[in-house]
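Inspection log for the structure reproduced underneath, given as C-alpha cells.
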2 protein chains.
Amino acid sequence: MENNQPALDGVFHALADPTRRAVIEQLGRSPATVSELAVPFDMALPSFMKHIGVLEDSGLISSKKVGRVRTCQIKQKTLTEAETWLEEQRAVWEGRADRLAAYVENLSSDEELS
Amino acid sequence: MENNQPALDGVFHALADPTRRAVIEQLGRSPATVSELAVPFDMALPSFMKHIGVLEDSGLISSKKVGRVRTCQIKQKTLTEAETWLEEQRAVWEGRADRLAAYVENLSSDEELS
DNA sequence: TTGATTGTTTTCCATATGGCTAAGTATAGG
DNA sequence: CCTATACTTAGCCATATGGAAAACAATCAA
C-alpha cells in the first residue's frame with residue numbers, strides 16, 4: 001500500500017468546498033459553460049473562475065474554450081480515484097475486526113472511546 | 001438531492017492532507033495513541049496535534065484521554081459519508097449517458113473537450 | 001462598426017492553514 | 001517527592017484561500 005498520493009491532496013481539497021461540489025454535481029448531469037455553471041452562485045465571476053481553476057488543476061474537470069465560451073466537463077476517472085482511496089480505507093478497517101477485538105480485550109471493560 | 005452538506009467541507013478538507021490521510025490509514029488498522037501515531041512524521045508534536053484536531057473536528061476520528069494518554073480511533077460512519085457522496089456523483093453521471101449523447105450530437109464532430 | 005457577451009487579468013483584502021519554539025500541565029513510576 | 005512522559009497552550013510566521021472590484025480582451029450579432 002503506497003503512502004503518498006499527492007494528487008489526492010488536490011482532489012480532496014477541491015471537494016472541500018460547497019460551491020465546487022455543486023459544480024461537480026451539475027457537471028455530472030451534463031457539460032456546461034462557465035456562465036451557465038455560475039448562475040446559481042451569488043459570486044463575482046472572477047471568484048467563481050477561481051473555483052473552476054481549482055477543479056481543473058485537481059483533474060476533476062476539464063475545459064475547452066471555443067469562441068468566447070469555455071465549456072467544462074467532469075473527469076470521471078479522477079472522481080473514481082478519490083472513491084478508490086476511500087474504498088481502500090474501508091477494506092483496511094473491515095479486514096481488521098480480529099485485531100480490534102484483541103485490542104478491546106486489553107482495555108478495562110468500562111474504558112470505551114467516546 | 002440536497003445541495004448543502006456542510007459536514008462534507010470538513011471531511012474532505014481533513015482528507016486533503018497526506019499526514020492526515022496516513023493517520024486515517026493507520027487508525028484503520030487499530031486504535032492508537034497520539035504519540036504512537038506521531039512516530040512516522042518528522043514534525044513537532046504540537047503541529048501533529050493540530051492534524052489530530054482537524055481530524056476530530058471533521059468527525060473522521062474520535063479520541064479519549066485516559067491518564068496522560070490520548071487514544072484515537074477511526075469513525076467509520078464519517079468516512080462512509082464521504083464515500084456516499086462520491087457514489088451519488090457516480091450515480092448522476094452514470095444515469096445521464098442519454099443526455100450526454102444528445103449533447104454531443106449538438107457539437108460539431110471535431111470540437112472535442114480536451 | 002458598434003455593442004453586448006463571455007470570459008480574463010490584476011490588484012487587493014481578511015482569514016485560514018500548516019509549520020515552528022517555548023513554556024506549561026498533569027500523571028505514572030521510582 | 002522528584003522526574004520523565006505525554007500531551008497542551010500560547011505565540012509567531014509564511015503562505016494559501018476565498019472573496020471583491022476594476023479594467024482589459026476577444027468574439028458574436030445586428
Side-chain angles (χ1 to χ4, degrees), chain A residues 4 6-24 26-27 31-58 60-73 106-108 111 113-114, chain B residues 4 6-24 26-27 31-58 60-73 106-108 111 113-114:
Chain A
N4 271 20
L8 286 179
D9 289 21
V11 173
F12 283 127
H13 170 247
L15 294 176
D17 179 283
T19 298
R20 293 192 293 256
R21 284 199 306 279
V23 168
I24 291 292
Q26 192 52 47
L27 288 179
T33 72
V34 168
S35 28
E36 285 167 357
L37 290 170
V39 169
F41 305 100
D42 183 18
M43 190 183 295
L45 234 217
S47 307
F48 184 75
M49 285 295 298
K50 279 196 195 176
H51 289 298
I52 298 294
V54 169
L55 285 168
E56 191 157 12
D57 289 348
S58 77
L60 282 167
I61 71 172
S62 64
S63 75
K64 186 175 187 188
K65 197 168 182 179
V66 174
R68 314 174 266 190
V69 176
R70 178 173 297 278
T71 302
C72 305
Q73 69 177 1
N106 291 353
L107 296 174
S108 48
E111 294 289 13
L113 298 177
S114 61
Chain B
N4 270 20
L8 286 179
D9 290 20
V11 173
F12 283 127
H13 169 247
L15 294 176
D17 178 284
T19 298
R20 292 191 294 256
R21 285 198 307 279
V23 168
I24 291 292
Q26 192 53 46
L27 288 179
T33 71
V34 168
S35 29
E36 284 166 356
L37 290 170
V39 169
F41 304 101
D42 184 18
M43 190 184 294
L45 234 217
S47 308
F48 184 75
M49 285 297 297
K50 278 196 196 176
H51 289 298
I52 297 294
V54 169
L55 285 168
E56 192 156 12
D57 289 348
S58 77
L60 282 167
I61 72 172
S62 64
S63 74
K64 186 175 187 187
K65 196 167 182 177
V66 173
R68 316 174 264 187
V69 177
R70 179 172 296 278
T71 302
C72 304
Q73 68 176 0
N106 290 354
L107 297 175
S108 47
E111 294 289 14
L113 297 178
S114 61

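Being a predicted model, the structure only gives us computed values, none of them experimental.
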Atom NE2 of B:H51 and atom C1' of C:dT17 are separated, to the nearest Å, by 9 Å
What one should report as the nearest heavy-atom pair of B:V34 and B:F48 is O-CE2, 3.7 Å
Below 3.5 Å between N/O atoms, which protein atoms pair up with nucleotides 12-15 of chain D? Just atom names and distances, please.
none

Atom CG of A:D17 and atom P of C:dT17 are separated, to the nearest Å, by 12 Å
To the nearest angstrom, the CG-P distance between A:D9 and C:dT17 comes to 15 Å
Nearest heavy-atom approach of A:F12 to B:L15 is CD1-O, 3.5 Å
Heavy atoms of B:P40 and B:E36 approach each other most closely as CD-O, 4.0 Å
Sequence neighbours excluded, the answer for side-chain contact (heavy atoms from CB on, under 4.5 Å) partners of A:S58 is A:A14, A:L60
CD1 of B:I52 to CE of B:M49, rounded to nearest 0.5 Å, is 6.5 Å
In short, B:Q26 meets B:L37 closest at the heavy-atom pair CG-CD2, 3.8 Å
Rounded to whole Å, CZ of B:F48 lies from P of D:dT8 at a distance of 12 Å
A:M43 atom CE is separated from D:dG18 atom P, nearest whole Å, by 10 Å
Sort me out a list of protein N/O and nucleotides 7-10 of chain C N/O pairs below 3.5 Å, or just none if empty.
from, atom 1, to, atom 2, distance (Å)
C:dG7, OP1, A:R70, N, 2.8
C:dG7, OP2, A:S35, N, 2.9
C:dG7, OP2, A:S35, OG, 2.0
C:dG7, O3', A:K65, NZ, 3.4
C:dT8, OP1, A:R70, NE, 3.0
C:dT8, OP1, A:R70, NH2, 2.8

Across all chains, not counting sequence neighbours, the side-chain contact (heavy atoms from CB on, under 4.5 Å) partners of A:H13 are A:R20, A:V54, B:A16
In whole angstroms, the gap separating P of C:dT17 from CG of B:L15 amounts to 14 Å
Walking DNA chain D from its 5' end, the first of A:H13 and A:A44 to be reached, judged by nearest nucleotide, is A:H13
To the nearest 0.5 Å, atom CG of A:D17 lies from atom CD1 of A:I24 at 11.0 Å
Taken in chain and number order and not counting sequence neighbours, the residues that satisfy side-chain contact (heavy atoms from CB on, under 4.5 Å) with B:S35 are B:T33
field: OP1 or OP2 of D:dA20 under 4.0 Å from side-chain N/O of A:S47
entry: yes
